[in-house]
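To keep things clear, I will list the structure first and then write my remarks on it.
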Amino acid sequence: MATKAQAQHAAGVRYRVECADPHAHLFAVTLTIDAPAAQQRVSLPVWIPGSYLIREFAKNLQGLRATQGRRKPALTQLDKCSWLVECTPGQPLVLNYQVCAYDNSVRTAWLDAERGFFNGTSVCLRVEGQTESPHALEIVAPTLADDAARWSCATALVPLKADKHGFGSYKASGYDELADSPVEMGAFWSAEFEACGVPHRFVVAGAAASFDGDRLIADTKAICEAEMRFWHGDKVGKRGGAKPPIDRYVFMLNVVDDGYGGLEHRHSTALICNRRDLPQRGDKKKQAEGYTTLLGLISHEYFHTWNVKRMRPAEFARYDYSQENYTQLLWFFEGFTSYYDDLLLRRAGRIDDAAYLRLLNKTINQVMQTPGRLVQPVADASFDAWVKYYRQDEQTPNSTVSYYTKGALVALCLDLTLRHEGKGSLDDVMRLLWTKSNGGPISEDDIAAALEAVGGRSYALELARWVHSTEELPLSQLLRVHGIATLEDPSQPAQALGLRVAEANGGVQVKVVLRGGAAEKAGFCANDEWIGVELPAAGRKGQQRPAQAWRIAKLDDLALYLGDAAKCTAIVARDRKLIRLPLVLPTGATTWRLFSHDAGKVTNWLA
């Protein structure tokens, strides 16, 4: 007999997902539509919200067939991701198909004998006309020979009926919630904790035996509580305090040999990191840089719980899963989140002032070493994410700028300006936007209005210069006012030459040639292999240096072989042809280094 909760959620759209063949990486999906339309259309999304690239998930769908009782209705493919079924109205329609799951990222789906993972956008066909109806998802435990008993299942969906391992039936209010709730399966590590009264779960797949789960949970709990207090005040979750917008949350971390990334969801996040970046038991050394990066990722994706999954661009009020969804506001939703991810690590006590300044320094240099910042405004870079940021090639750094890093620096400049003027801070702006929008869609006009309300004046000029033009940001001036000075240190060889390279197997492979640099002026091209350098004879009679030619294995070799020479000939291989390039060696190339000249001012800002 159905429970009251199950009866209230009588889903007319039901999915059953099975691990059909882990060795072939195949999920089997059964979709039942209780009341199909006579001309029932179904489709699979072409992208997943939060990752702005058309990924064509339908390329992984195979073997689609339809049945109504004993009848096989006509099934016609309409385009790359949509199908039409000629149905008998009033009779349940059953669709069966398979999905090849061979993308071990946070965006799509993966299945092998060790682990399963999927997003609804990759495996669940949309039932057109019924996307607002209740949906149900049944996740079937695999029948692997030796390890089936060890597998568990984790998702942020609310269970209808699930076993102690998490396999069973779950409910979703509609397709959007189903698509926004990834599923993790396997013999993963799992722990639970509360943050401001809200239950959280952290699952980790692929960790080594040295993994220190207690430390990860303690640090994550501190981050979550710092972010809840940021948005809702110190009494959040307590009697008389604000109620957070979530009643549950699940972190899903896939640990691999080499990988990094995350994707935000309303009640969960999917993460990926390097195995060596996890904290290790018994390691009392200074916190490793890789682990700090992981904590920053956790902070970033959790901040999205408010800033993009609820408060979001007006253009994202409703997602169109069939095509690109454009907005100029990623500089705010991703960039401001990138500003606060590290700042809230500091406020949560996971890093100190010096560590925070090192992270900020890194962000500044990344932007300053991107010639594209002088080519495309960050608002336009947001709009072009679909064709530039997510389709990077050798010319990307020369034609655009990251809305993550440039957006973070815009947030920094606005925060420091507001604080210097004494009327408030960017914290106040963010909380005002949340309150005014009721955690819903906003526009740039709303952002401008909130800045004016907090700062007591219009910030239209700053937005025009910092967001909608390619003017340089006044970073040095604003930082100095808040106790931070900048030094200019000599650049590393690649930065000085205007190159991005890969050094492996005893060779230098050119990946990017930056606009305006010495390497571009010499004629370097992306994909060149830099083999060696030649120097002509030089010096006075009796002290003459003979002509020399050297093979280089890394760019640091240049200082050894060239000394104080001002020019050389670079020997590169291009399409297996050896080419000599006249290279004028740069002088005076610098990179920024931040240092505190007034610790009190720094702490006041960061606290």
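Note: hydrogens, waters and symmetry copies are ignored here, and every other heavy atom, side chains too, is used.
Annotation for A109 and F27: closest pair CB-CE1, 4.4 Å, computed over non-hydrogen atoms. Scanning both residues, P182 and S268, for their nearest heavy atoms gives CD-OG, 3.6 Å. The nearest pair of heavy atoms linking P441 to S437 is O-CB, 4.2 Å. The nearest pair of heavy atoms linking V378 to G407 is CG2-N, 4.2 Å. Across all their heavy atoms, E184 and A205 have their closest contact at OE2-CB, 3.6 Å. P142 and W151 make their closest contact through CG-CE3, 3.3 Å (heavy atoms, listed as atom of the first residue, atom of the second, distance).
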Query - Test log, rule side-chain hydrogen bond (donor to acceptor under 3.5 Å, both in side chains), inputs H200 and Y302 - result: CA-CA 12 Å; H200 289 62; Y302 195 70; 2.8 Å; yes
Report task. Output, in order, the C-alpha distance, side-chain angles, deciding distance and verdict of side-chain hydrogen bond (donor to acceptor under 3.5 Å, both in side chains) for Y260 and D277. Result -> CA-CA 10 Å; Y260 174 82; D277 291 343; over 6 Å; no
Requested in this report: Begin from the C-alpha positions of H135 and C124 and carry the test side chain to side chain contact (heavy atoms under 4.5 Å, CB included) through to its verdict.
Outcome: CA-CA 11 Å; H135 285 47; C124 297; over 6 Å; no
**Report entry** Stepwise side-chain hydrogen bond (donor to acceptor under 3.5 Å, both in side chains) test for D176 and Y321
**Finding:** CA-CA 10 Å; D176 283 349; Y321 294 98; 2.7 Å; yes
Requested in this report: Please lay out, stage by stage, how D79 and R41 fare under the test salt bridge (charged side-chain N to carboxylate O under 4.0 Å, His left out).
Outcome: CA-CA 11 Å; D79 55 36; R41 182 169 172 156; 3.7 Å; yes
Query raised in the report: After noting the C-alpha distance and the side-chain angles of E334 and H300, does the key distance pass the side-chain hydrogen bond (donor to acceptor under 3.5 Å, both in side chains) rule?
Result: CA-CA 9 Å; E334 290 292 357; H300 183 99; 3.1 Å; yes
Requested in this report: List the steps and the verdict of side chain to side chain contact (heavy atoms under 4.5 Å, CB included) for M185 and F118.
Outcome: CA-CA 9 Å; M185 295 179 286; F118 66 85; 4.2 Å; yes
**Report entry** Working for side chain to side chain contact (heavy atoms under 4.5 Å, CB included), residues Y175 and V13
**Finding:** CA-CA 9 Å; Y175 186 84; V13 179; over 6 Å; no
Requested in this report: Start with the C-alpha gap between I54 and E324, add the side-chain angles, then the distance that decides, and say whether side chain to side chain contact (heavy atoms under 4.5 Å, CB included) holds.
Outcome: CA-CA 7 Å; I54 298 299; E324 295 90 341; 3.6 Å; yes
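More than 12 heavy atoms of other residues, nucleotides or ligands lie within 6.0 Å of NZ in K221, so this atom counts as buried by the packing criterion. Residue D393 places its CG atom among more than 12 non-hydrogen atoms of other residues, nucleotides or ligands, all under 6.0 Å distant. Counting non-hydrogen atoms of neighbouring residues, nucleotides and ligands closer than 6.0 angstrom, the OH atom of Y102 reaches no more than 12 such neighbours. Few gaps surround CD on E194; more than 12 heavy atoms of other groups in view lie less than 6.0 Å from it. The environment of R248 atom CZ is dense: over 12 non-hydrogen atoms of other residues, nucleotides or ligands sit within 6.0 angstrom. By the neighbour-count criterion of 12 heavy atoms within 6.0 Å, atom CG of D234 is sparsely surrounded, having that number or fewer from other residues, nucleotides or ligands.
Between Y319 and W47, the gap from one ring centroid to the other is short of 6.0 Å. Taking the six-membered ring for Trp, Y404 and W331 have ring centres at least 6.0 Å apart.
Taking the charged nitrogens against the carboxylate oxygens, K362 and D342 have no contact shorter than 4.0 Å, which rules out a salt bridge. Remark: R266 does not engage E177 in a salt bridge, criterion side-chain N to carboxylate O under 4.0 Å. Between R55 and D103 there is no salt bridge, since no side-chain N of the basic residue sits under 4.0 Å from a carboxylate O of the acidic one. We find that R350 and E227 are not joined by a salt bridge, their nearest charged nitrogen and carboxylate oxygen being 4.0 Å or further apart.
Among residues two or more places apart in sequence or in another chain, the side-chain hydrogen bond (donor to acceptor under 3.5 Å, both in side chains) test is passed with S443 by D446. Taking D353 as the reference, R346, V602, T603, L606 meet the side-chain contact (heavy atoms from CB on, under 4.5 Å) condition, with sequence neighbours excluded. For H267, there are no ring pair (Phe, Tyr, Trp, His ring centres under 6.0 Å) partners at least two apart in sequence or on another chain.
Ring planes of W306 and W231: parallel class, angle under 30° (limits at 30 and 60°). Classified by interplanar angle (parallel below 30°, tilted 30° to 60°, perpendicular above 60°), the ring pair F202/F251 is parallel. Note on ring orientation: taking the six-membered ring where Trp is involved, the planes of Y52 and F316 are parallel (angle under 30°, cut-offs 30° and 60°). Ring geometry, Y326 versus F383: the interplanar angle falls under 30°, so the pair is classed parallel (tilted spans 30 to 60°).
Between Y291 and D219, the side chains place a donor N or O and an acceptor N or O closer than 3.5 Å (distance only, hydrogens not considered).
How far OH of Y249 is from OG1 of T269: 4.5 Å, rounded to the nearest 0.5 Å. If you take CG on N119 and CG on D180, they are separated by 9.0 Å, rounding to the nearest 0.5 Å.
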